[in-house]
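So the structure is just underneath, and the comments pick up after that.
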There are 4 protein chains.
Amino acid sequence: MAGVLSDGATERRARRMGYRRRGILDAAARVFADVGYERATLEGIGEAVGLSKTSLYYYVRSKEDLLARLLTEVTDEIGRQAAAGLPVDAPAGERLWAFVRAHVRVVCTTPAGRVLARNQDVVLGEASSRMMREARRRHERLLRSILAQGIGDGVFRPIDVRVGSSLILGALNVAGRWDSPEGAVAADRIAEELFTMVVGGIAAHPGEAAATGTGAADAQ
Amino acid sequence: MAGVLSDGATERRARRMGYRRRGILDAAARVFADVGYERATLEGIGEAVGLSKTSLYYYVRSKEDLLARLLTEVTDEIGRQAAAGLPVDAPAGERLWAFVRAHVRVVCTTPAGRVLARNQDVVLGEASSRMMREARRRHERLLRSILAQGIGDGVFRPIDVRVGSSLILGALNVAGRWDSPEGAVAADRIAEELFTMVVGGIAAHPGEAAATGTGAADAQ
Amino acid sequence: MAGVLSDGATERRARRMGYRRRGILDAAARVFADVGYERATLEGIGEAVGLSKTSLYYYVRSKEDLLARLLTEVTDEIGRQAAAGLPVDAPAGERLWAFVRAHVRVVCTTPAGRVLARNQDVVLGEASSRMMREARRRHERLLRSILAQGIGDGVFRPIDVRVGSSLILGALNVAGRWDSPEGAVAADRIAEELFTMVVGGIAAHPGEAAATGTGAADAQ
Amino acid sequence: MAGVLSDGATERRARRMGYRRRGILDAAARVFADVGYERATLEGIGEAVGLSKTSLYYYVRSKEDLLARLLTEVTDEIGRQAAAGLPVDAPAGERLWAFVRAHVRVVCTTPAGRVLARNQDVVLGEASSRMMREARRRHERLLRSILAQGIGDGVFRPIDVRVGSSLILGALNVAGRWDSPEGAVAADRIAEELFTMVVGGIAAHPGEAAATGTGAADAQ
DNA sequence: CATGAATGAGTATTCATTCAT
DNA sequence: TATGAATGAATACTCATTCAT
């Protein structure tokens, strides 16, 4: 894959670079999760990796870049986990469950996940902004495709997928704001609860409740 | 008790003070909604009201105070609207619909509402923090009481009300992040969609879908 | 003394003005003594008299003016007390004792006195600066005249009166920095100690000690 | 221990850091001496060293810190000079003379000394406050030990050493408020005058004068 | 790779002071 | 007399970022 000559050295350096970058990203995630993006300082992050704040610039373009990379990475990681181990033609219900579980798990158990769940609204510059927006779009597209499939298959009601996907993401992200439960098991229980509500709603007798809602709307 | 004459003057003055404070709060809401709390500057807010930044301090204790007041106010306003025009013994379904509609409407159509929907995670000092926390608690308590009533009446499934209320709020707040639709009508349509999903879920045949979810969980 | 016509009203007003001014000066003294001139705020002083900070400007030109008047007043008051009850031709020793006692008493037992003792070095504007400087000069002139008289009468050694007066004032002012002893009696005991040292020095056998000092000076 | 080569570089760097800090402290001393601590601005100090005001923060924690370090340093320097060249068992008279000369010299001829003499009453935060308090305590303890020794040896009268040390310090500090005489010689002459008065008092015939004082006290 | 040194731009906050009423 | 309202000027301190080494 790599060039023949500078191969060994380059790769080694790249990997070292990767290790460092990893450490930096992780440290940033922890700090961001702790005090929030705006209140976090590069010095603090540097301290957390054992590097001077200036050295950070060797690996990362800017503070915004740091956040953008972090969120992009974790977002895509969720997507990967959501698809892992599922046949391409898995039914929508199963795919949705996998998505929910992956999202909740990451959002509950990792610093980066908490950062993702909480920093939906930071205002960034053009470059970083685009990077993040695209990752988010990928994520939503995945969820929407699941919803669309379910609707096509007749297992989901014909809802507006854009509204639906937003609602679901908003609902799942609340988990990232709770005192993070330790371990995947606890996270999975939360995921189940959220999944059940999202899929089945809260009504005991869905048809009637929906009617009630409409009735109230009409009654206004 | 007060003299007939000075009464008018006094009242006028008090109202002027009110007007000013109102104007400041509103301007702050607009600015916060535009650029986010952290990037907003007191100078910018001052400009938006036509007051020097230092004059702001005549009406407000600090930037944090500004946000806390704003969010407290708008949160309580939603609660008021959610209860308006409903008999005390209204059925849970109707009450939930009123809550959803009020929340979405405010969150979609007012700057302060957008600020509320987006700034769930700002870190504030003790005083402001408490003020906001309490408002939020009041709001959640209202929603929880609705859920509890519905469960008691058998119209809602016996879900965990804490999880449920968080999920619902998270879901509703996403509306505050969309390019705000103009007018209460559009907001109400969104509210209806969200309400329908929250109540009825997205499954075409709830029982089965839920079963699917559980099945997926077992299958993992 | 006052004009025949507007007499009653004017005088009443002047006296009212006087009362207010008094209250303001006293409050300012207390506040200055508590937190220091620079950290004191007009608002705080206003509060201490039960007046809005703006109202202060009716009685006083500025914050600096407040300090200048205060210190001028208290300085002259010490001078008055130092001369009170003494025949014009009193011996220098007695006059010095009266001076020391008056100074220490005021400096120990009154807020304004403490302000005087501690705020020797505030930098003020031209007008206020001159007012204070003159009061201080009057005070020093009094002390110097006492020293000169004593030297002329042969009861004090032929010291440099300028150095001597400064030294004495510096020595006396330290008392204003101690936790102020309540009551004139305690203050008088302090005054006696300081007076004794100033007059008699600390040497057991003055002549020899002075020789020692000179010797050390020579030895360097 | 360190490599031969990097040693030089390291040391040079460390010294540069020292130089900078030194320069900053000195500049601050000059500015504080000129306009007083409260009216001094970080920007002004920065200008005086040829550094931007923000760069100051690379070397110093805060404005208070700057003052505290400065006064601590100069206070200890006086102590050092007061002890220099004296045998440990030097007589109290000589030690006192050395103390007085050192104090007056520094206070008259150095900016930091003038700052010390004049800023006895600035109100600082906890950390800086403690640092300064301790330096002052060390200084007073030295003076008190001299007084105690002298009293024990019978060369000083049995005065209250706490009162005595305060009085002396107050008396010596006045020299820091005069237009500073250039050169150590002038300062030493002032020191001699002050020393003479402190030790021998101002009375021509100490015993009688003291009696006069007491007499005045009795007569009141 | 790593960092020490330096800085510019930004920002909340304080406070004496003015002025119309 | 008294004050509510408004402001200008000042100021300490923060932090991301650059650059030479």
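Only a predicted model underlies this, so the values are computations on that prediction, with no experimental measurement involved. In the text below, chain A, chain B and the rest are named by the order of the sequence lines, each starting its count at 1.
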If you look at every heavy atom in Leu66(C) and Ile45(C), which pair is closest and at what distance?
-> CD2-CD1, 3.9 Å
Send over the distance from Lys63(A) NZ to dT18(F) P, rounded to a whole Å.
-> 15 Å
Residue closer to the 5' end of DNA chain E, Arg61(B) versus Ser62(C) (nearest nucleotide) | Arg61(B)
Where along residues 36-47 of chain C does a heavy atom fall under 4.0 Å from DNA chain E?
-> Ala40(C), Thr41(C), Leu42(C)
For Arg20(D) and dA6(E), is the shortest distance between a side-chain N/O and OP1 or OP2 below 4.0 Å?
-> yes
Out of Leu71(A), Leu116(A), Asn119(A), which one pairs with Met132(A) under the side chain to side chain contact (heavy atoms under 4.5 Å, CB included) rule?
-> Leu71(A)
Between the protein and nucleotides 7-9 of chain E, list every N/O to N/O distance that falls short of 3.5 Å.
| from | atom 1 | to | atom 2 | distance (Å) |
| --- | --- | --- | --- | --- |
| dT7(E) | OP2 | Ser52(D) | N | 3.0 |
| dT7(E) | OP2 | Ser55(D) | OG | 2.6 |
| dG8(E) | N7 | Thr54(D) | OG1 | 3.3 |
| dG8(E) | O6 | Thr54(D) | OG1 | 3.0 |

Can you check whether Tyr59(A) has a side-chain N or O nearer than 4.0 Å to OP1 or OP2 of dA2(E)?
-> yes
Whole-Å distance, Asp65(D) CG to dC13(F) C1', equals 13 Å
Val74(D) to Ala112(D) - nearest heavy-atom pair and separation = CG2-CB, 3.9 Å
Take the protein atom CZ of Arg21(B) and the nucleotide atom P of dG4(F), then report the distance between them rounded to whole Å.
-> 14 Å
Can Thr72(C) and Thr75(C) be counted as having a side-chain donor-acceptor contact under 3.5 angstrom?
-> no
Under a 4.0 Å N-O cut-off, is there an ion pair linking Arg69(B) with Glu73(B)?
-> no
Under the 3.5 Å Watson-Crick or G-U criterion, the dot-bracket string of DNA chain F, with | for inter-strand pairs = .||||||||||||||||||||
Leu66(C) CG to dA16(E) C1': how many Å, rounded?
-> 12 Å
Tyr57(C) has an atom OH; how far is it from atom P of dC15(E), in whole Å?
-> 13 Å
Where is the tightest heavy-atom contact between Arg118(B) and Asp121(A), given as atom of each residue plus distance?
-> O-OD2, 3.3 Å
Lys63(B) to Tyr37(B), cation-pi by 6.0 Å centre distance and 45° axis angle | yes
Residue Arg61(D) excluded, over 12 heavy atoms near CZ under 6.0 Å | no
Determine the minimum heavy-atom distance between Gly125(D) and Glu64(D), stating which atoms define it.
-> N-OE1, 2.8 Å
For the pair Arg30(B) and Asp34(B), find out whether any cationic side-chain nitrogen is under 4.0 Å from an anionic carboxylate oxygen.
-> no
Charged N-O contact under 4.0 Å between Asp26(B) and Arg22(B) = yes
For atom P, what is the distance between dC1(E) and dT21(F), given to the nearest Å?
-> 22 Å
